[in-house]
Amino acid sequence: MYRYDEFDHQLVAERVAQFRHQVKRRLDGQLTEDQFKPLRLMNGLYLQLHAYMLRVNVPYGVLSAHQLRKLAHIARRYDRDYGHFTTRQNIQYNWISLEDTADILAELAEVEMNAMQSSGNCVRNITADPLAGRARDEIEDPRPWCELIRQYSILNPEFSYLPRKFKIAVTGAPKDRAAVAVHDIGLRMHHDADGKPGFEVIVGGGQGRTPVIGKTIRDWIEPEEILSYIEAILRVYNLYGRRDNMYKARIKILVNALGLDAFRELVETEYEAMRGQALAVPAAEQERIAAYFQPPAWEAGPDLDAELDTLRATDKDFARWLDANVSAHKAPGYAIVTLSLKATGQEPGDLSADRMDAVADLADRYSLGELRVTHRQNLVFTDVKQSQLQALHGELKALQLATPNIGLLTDMIACPGLDYCALANARSIPVAQDISRHFAAADKLLEIGELSINISGCMNACGHHHVANIGILGVNKKGKEFFQITLGGAADESAALGDRLGPGLPQNELPGAIETLVDKYLELRTSDSETFLETYRRVGMQPFKTAVYGDDTARRVA
Amino acid sequence: MALIKNHELTPDPYTRITGEAELPDQGGVLVDLQRWQDDWQALGRRGSPVGVWLTSDQHPEIIADDLDRIDLVALEFPSFRDGRAYSYARLLRDRYGFSGELRAVGDVLPDQLLYMHRVGFDAFEVAGEDPLRDYQTALQEFAVFYQPAADARATALRLRHARS
């Protein structure tokens with residue numbers, strides 16, 4: 001992984017000192033809350049319903065065991081003994097006091113972490129395929145480019161007061177695990193005919209109140225030109241994005257208002273004027289950064305398919321976990337293991353300080369000390385020897401981190417909702433917990449197969465409900481919470497927005513309604529391998545609608 | 001309000017002329033875009049420096065061809081949240097080659113001064129009890145810079161590779 005050199009260390013130290021001074025000025029009354037707000041946001045500090053929340057960047061989801069121990073320490077010393085992993089591969093602490101923040105940032109700096117621009121109207125933490133550099137289907141490792149973009153965007157003097165926040169995601173695999181189509185800029189790496197890498201640039205995707213699937217603005221850009229092209233997009237956005245209405249200020253609104261062709265023309269004109277100049281990435285710098293991401297010293301060995309099959313036959317739990325939580329690694333003899341932060345009844349993405357420490361120890365023993373945070377709010381061990389899978393499974397089970405549900409129905413994304421968030425209309429965590437308890441049977445989950453359920457407590461869509469196979473949106477009607485269901489959304493390479501099923505349901509009817517939808521799917525699917533999404537795309541909304549509401553949907557007015 | 005230019009407090013040699021107000025007999029004037037467009041010839045004949053004040057919805061491209069006759073461009077921040085002028089400044093310096101005074105006016109706060117300086121501003125209208133101290137503090141807070149901008153500061157990238 002990337003390591004700070006003296007320049008990175010110095011910059012982060014300067015940032016901590018600056019923020020310490022800003023907090024002092026705020027506490028002295030020299031800064032108004034209005035003036036302080038963007039400054040604290042750009043250091044990751046939000047004011048939530050009950051307390052300050054601090055969001056710490058995990059750059060493109062890459063984390064070391066050493067860093068995780070520090071995160072555990074911060075949870076213990078400054079928060080309430082836990083942290084929450086987010087859909088942007090970051091970690092949030094929900095109970096922070098303003099006076100402590102500079103000290104926390106100084107502690108993070110010790111382990112080469114920071115909270116710069118994890119909030120605010122600026123370029124946010126760059127996200128990526130959580131399996132980057134390890135997945136067997138990958139064609140290019142996106143992490144060096146993520147790091148280059150990270151450095152380019154940090155304290156960027158021109159783009160720190162954009163119309164609104166700006167999110168960039170990068171993937172180097174055909175299977176999109178980074179949801180690049182629902183980002184302000186999504187980058188997808190391809191190879192040309194000679195096997196040289198380049199980027200497809202997708203722009204104007206996003207969720208929130210106005211969900212949009214991003215459009216390809218350029219099929220191909222040479223890697224060394226990627227910063228120039230991003231700057232061209234950012235400049236056009238900074239100049240022409242709306243600033244009169246924060247709900248219409250994201251780049252997707254600008255792209256839609258101008259039309260993709262007119263928007264592209266502005267970007268291309270800007271790009272042509274700076275092509276090959278100051279932002280072109282020199283080969284030496286590409287090499288310097290790439291060197292940090294060289295594969296670790298894997299011990300060569302064959303895949304152990306036969307051995308694992310023998311174990312499967314006798315250990316059913318292990319077999320389920322292999323099916324759901326273990327994926328193919330680049331190096332023969334190794335595997336990628338996803339730790340589920342979605343045990344039955346758990347708050348999705350939460351992890352206690354003690355379990356963080358335990359996970360860090362396991363990462364050292366089983367995964368060369370490296371982990372990843374996924375946008376579906378789980379953790380990944382990147383380099384597990386297949387010969388150690390069963391032992392690791394036992395250890396994870398003891399920590400309740402081996403629920404075999406990755407990519408399955410109970411691997412839900414949920415926003416913090418009304419339990420924490422000042423914007424929410426409805427609770428989302430209890431809804432996730434209800435569904436999780438209702439579908440606790442592991443064999444049933446595997447029978448249902450790949451299925452995403454995402455829950456947002458309001459239309460801002462932090463729980464990514466638009467791009468879930470089954471999306472759940474909390475709304476408040478006349479003081480009561482209702483939940484609207486959407487079907488058919490997807491966040492992968494076939495990205496799509498969900499369609500509304502019908503009138504909202506009260507919380508207590510949700511698990512039953514989801515069971516009805518699932519049963520209908522099991523009845524309709526042509527084979528075990530046809531996923532929920534594929535069935536939905538084949539048969540459409542009507543059978544599901546009828547299953548949930550009967551023929552007369554009008555009788556439920558909510 | 002104080003004016004800081006070239007790192008020091010300085011009296012403002014320009015008189016701000018709003019709308020069609022009468023011009024003084026002598027001395028520099030800072031006029032609106034409309035006034036510049038209406039009276040640029042007369043303004044030039046006065047033989048004194050001329051500045052043009054652009055609001056945040058006036059793209060400096062409008063005056064790109066006039067820049068050799070303009071001594072000062074003032075870019076307005078109607079609110080510190082409106083970041084358009086950062087890009088305008090970059091364009092004026094890097095694209096249109098403007099080498100005169102580039103002044104930040106409006107809601108100019110200490111915490112934005114370094115960014116402004118980096119994108120090409122060299123003059124700042126600032127409030128506060130001790131604006132020069134605020135300015136010096138702001139410009140000294142960082143010595144490491146990741147990205148190239150319109151200033152002469154060396155980027156971390158350049159320093160890294162110069163070292164090896």
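Computed from a predicted model, the values in this text were never measured in an experiment. Just so we're on the same page: letters track the sequence lines, and every chain starts at 1.
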Would you indicate whether the side-chain heavy atoms of B:R90 and A:M274 approach each other to under 4.5 Å? no
Flag the pair A:L11 / B:F145 as yes when at least one side-chain heavy-atom distance between them is below 4.5 Å, and no otherwise. no
Identify which of B:L114, B:L109, B:D151, B:L157 forms the greatest number of heavy-atom pairs closer than 4.5 Å to chain A. B:L157
Would you please test B:D111 and A:Q35 for side-chain contact (heavy atoms from CB on, under 4.5 Å) and show each step? CA-CA 9 Å; B:D111 294 288; A:Q35 290 168 341; over 6 Å; no
Select one option (side chain, backbone, both, neither) describing which atoms of [X] are under 4.5 Å from chain A's heavy atoms.
X      : answer
B:R84  : both
B:Q112 : side chain
B:A89  : neither
B:H59  : side chain

Largest heavy-atom contact set with chain B, pairs under 4.5 Å, which of A:R15, A:E158, A:E6, A:E285: A:E158
Please report the C-alpha distance between B:E141 and A:H21 in whole Å, then the side-chain angles of each, then the deciding distance to 0.1 Å, and finally whether the side-chain contact (heavy atoms from CB on, under 4.5 Å) criterion is met. CA-CA 10 Å; B:E141 275 176 332; A:H21 184 56; 4.0 Å; yes
Residues of residues 239-251 of chain A contacting chain B, heavy-atom criterion under 4.5 Å, by residue number: A:L239, A:Y240, A:R243
Mind checking which of residues 264-273 of chain A sit less than 4.5 Å from chain B, heavy atom to heavy atom? A:E270, A:A273
Given side-chain contact (heavy atoms from CB on, under 4.5 Å), test B:T155 with A:Q151 step by step and report yes or no. CA-CA 11 Å; B:T155 61; A:Q151 296 193 18; over 6 Å; no
Full working for side-chain contact (heavy atoms from CB on, under 4.5 Å) between B:Y115 and A:Y161: CA-CA 10 Å; B:Y115 287 160; A:Y161 290 88; 4.1 Å; yes
Is there a donor-acceptor pair closer than 3.5 Å between any side-chain N or O of A:Q18 and the backbone N or O of B:A138? no
Counting distance only, does the side-chain N/O of A:E14 pair as donor-acceptor with the main-chain N or O of B:A143 below 3.5 Å? yes
Does A:N156 form a side chain to side chain donor-acceptor pair (under 3.5 Å) with B:Y146? I'd like the steps, not just the answer. CA-CA 8 Å; A:N156 189 304; B:Y146 276 140; over 6 Å; no
Answer yes when A:R25 and B:D134 have at least one side-chain N-carboxylate O distance shorter than 4.0 Å, and no when they do not. no
Quick check: closest heavy atoms across A:Y152 and B:Q147, and the distance to 0.1 Å? O-NE2, 2.8 Å
State, to 0.1 Å, how close A:P38 and B:F80 come at their nearest heavy-atom pair, and which atoms those are. CG-CE1, 3.1 Å
Heavy-atom cut-off 4.5 Å, strictly under: side chain, backbone, both or neither for [X] against chain B?
X      : answer
A:A17  : neither
A:D8   : both
A:L234 : neither
A:P282 : side chain

